[in-house]
Amino acid sequence: MKVIIDRFEEDFAVCERENKTMLDIPKEILPEEAKEGDVLNINISIDTEETESRKKLIQELTKDIWS
């Protein structure tokens with residue numbers, strides 16, 4: 001997915017998606033040189049290790065609730 005930086009507001013870059021909807025992206029995850037009008041490639045992937053870790057934590061925290 002690609003987005004275009006429309007403007008910056010506080011700690012966010014307000015970006016336009018290809019379908020013309022808007023998306024706020026935290027400035028902290030953008031390259032320092034990012035500026036209005038830049039096109040960003042947004043690659044989203046699943047962190048399977050973190051997902052599994054969170055599942056295990058939730059199972060541990062909730063195992064006594066249903067007893």
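Given the structure is predicted, the values throughout are model-derived calculations rather than measurements.
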List the steps and the verdict of side chain to side chain contact (heavy atoms under 4.5 Å, CB included) for V3 and V39. CA-CA 6 Å; V3 299; V39 177; over 6 Å; no
When rounded to the nearest 0.5 Å, the distance separating CZ of R54 from CD of E49 is 14.5 Å
Working note: E9 + R7, criterion salt bridge (charged side-chain N to carboxylate O under 4.0 Å, His left out); need CA distance, chi angles, decisive distance, verdict. CA-CA 7 Å; E9 291 184 2; R7 64 185 179 281; 2.6 Å; yes
Going by heavy atoms in the side chains, are I42 and I25 under 4.5 Å from each other? yes
Contacts of type salt bridge (charged side-chain N to carboxylate O under 4.0 Å, His left out), residue E52, not counting sequence neighbours: none
Transitive ILVMFWY side-chain link I5 to L23, under 4.5 Å: yes
Would you kindly confirm whether M1 and V14 end up in one hydrophobic cluster when ILVMFWY residues are joined by side chain heavy atoms under 4.5 Å apart? no
Please report the closest heavy-atom contact between A34 and F8, naming both atoms and the distance. O-CZ, 3.7 Å
Considering residues, nucleotides and ligands other than K2, do more than 12 of their heavy atoms fall under 6.0 Å from its NZ? no
Quick one: are D6 and M22 in side-chain contact, heavy atoms under 4.5 Å? yes
Under the salt bridge (charged side-chain N to carboxylate O under 4.0 Å, His left out) rule, collect the residues that match up with E16, sequence neighbours excluded. K20
Between the OG1 atom in T48 and the NZ atom in K55, the distance rounded to the nearest 0.5 Å is 10.0 Å
For R17, is there any backbone N or O sitting under 3.5 Å from a side-chain donor or acceptor partner on T21? no
How long is the straight-line distance from NZ of K56 back to CG of L61, given to the nearest 0.5 Å? 14.0 Å
Can you check whether I58's main-chain N or O pairs, donor with acceptor, with K63's side chain at less than 3.5 Å? no
Atom pair CD1/CG of I4 and D38 - distance to nearest 0.5 Å: 10.0 Å
Should we count CD1 of I46 as having more than 12 external heavy atoms under 6.0 Å? no
